[in-house]
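Computed from a prediction, not measured in an experiment: that's the story for all the values here. All values below come from the heavy atoms of this structure, side chains included, with hydrogens, waters and symmetry mates left out.
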Amino acid sequence: MKIVCVCDTGVVVSLMIALKVKQAVCDLGISANIDYLDLSALPSVNADFYVLSKINSAAGEIKNINKNKVISLERILDKEEIKAKLKARLNL
């Protein structure tokens with residue numbers, strides 16, 4: 001499974017989300033390739049899931065992505081929120 005974490009610039013916020021996603025998938029026992037990038041690169045990347053803040057989920061680049069692949073976070077550093085949303089999407 002490939003999970004891409006996204007923010008405006010692809011630096012600090014997306015990296016922090018990626019670190020929390022790595023912790024969450026480890027806790028859930030899921031094998032995943034996790035990457036992070038900026039919004040402008042999003043259309044060129046194929047992934048099973050795209051994880052981003054609720055604020056960025058309204059950005060234009062995300063509008064053409066299948067909504068079932070988008071995981072929008074209220075609290076980007078909340079590992080429990082990430083785990084709950086991954087479990088829901090994966091039917092665990």
Side-chain angles (χ1 to χ4, degrees):
M1 170 183 352
K2 182 172 183 174
I3 300 173
V4 175
C5 303
V6 185
C7 76
D8 291 339
T9 62
V11 185
V12 177
V13 174
S14 59
L15 174 59
M16 296 304 295
I17 294 172
L19 293 173
K20 289 297 180 177
V21 169
K22 284 180 185 181
Q23 292 172 357
V25 297
C26 183
D27 288 356
L28 294 171
I30 299 169
S31 177
N33 178 15
I34 300 163
D35 201 0
Y36 61 96
L37 51 81
D38 66 282
L39 278 170
S40 67
L42 189 59
S44 65
V45 176
N46 188 25
D48 296 295
F49 295 105
Y50 302 90
V51 182
L52 58 156
S53 73
K54 184 177 179 181
I55 293 168
N56 284 329
S57 65
E61 292 84 355
I62 202 75
K63 291 186 193 290
N64 294 325
I65 302 295
N66 179 337
K67 298 301 180 216
N68 293 322
K69 291 184 168 193
V70 176
I71 298 175
S72 179
L73 302 174
E74 295 282 339
R75 297 168 308 279
I76 62 171
L77 300 180
D78 185 346
K79 183 175 71 167
E80 295 306 315
E81 178 186 0
I82 295 167
K83 283 171 48 176
K85 290 186 175 183
L86 281 172
K87 284 172 69 173
R89 293 295 170 93
L90 296 170
N91 297 315
L92 297 178

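For the salt bridge (Lys or Arg N to Asp or Glu O under 4.0 Å) test with Glu81, the passing option among Arg75, Lys87, Lys20 is Arg75; the others fail.
Of the inter-residue distances, the one linking Leu37 atom CG with Leu52 atom CG reads 10.5 Å to the nearest 0.5 angstrom. Put simply, CG on Leu77 and CD1 on Ile82 are 7.5 Å apart, with the number rounded to the nearest 0.5 Å. In this structure, the separation between CG on Leu90 and CG on Leu28 is 8.0 Å, given to the nearest 0.5 Å.
Between Val51 and Val4 the shortest side-chain heavy-atom distance does not fall below 4.5 Å. Inter-residue side-chain proximity for Val6 and Val45 is flagged as unmet; no heavy-atom pair is nearer than 4.5 Å.
Val70 and Ile65 get closest at one heavy-atom pair: CG2-CG2, 3.8 Å. In plain terms, the two heavy atoms of Lys69 and Ala47 that are nearest each other are NZ-O, 3.1 Å. In terms of heavy-atom proximity, Leu73 sits nearest to Ile17 at CD1-CG2, 4.2 Å. Phe49 and Ile71 make their closest contact through CD2-CD1, 4.0 Å (heavy atoms, listed as atom of the first residue, atom of the second, distance).
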Note to self: Walk me through whether Cys5 and Ile34 qualify under side-chain contact (heavy atoms from CB on, under 4.5 Å).
What the structure shows: CA-CA 7 Å; Cys5 303; Ile34 300 163; 4.1 Å; yes
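Pairs engaging residues 23-35 under the salt bridge (charged side-chain N to carboxylate O under 4.0 Å, His left out) rule: Asp27-Lys79, Asp27-Lys83 [sequence neighbours left out].
Counting non-hydrogen atoms of other residues, nucleotides and ligands closer than 6.0 Å to NZ of Lys85 gives a total above 12. Residue Lys2 qualifies as enclosed at atom NZ: its count of foreign heavy atoms under 6.0 Å is above 12.
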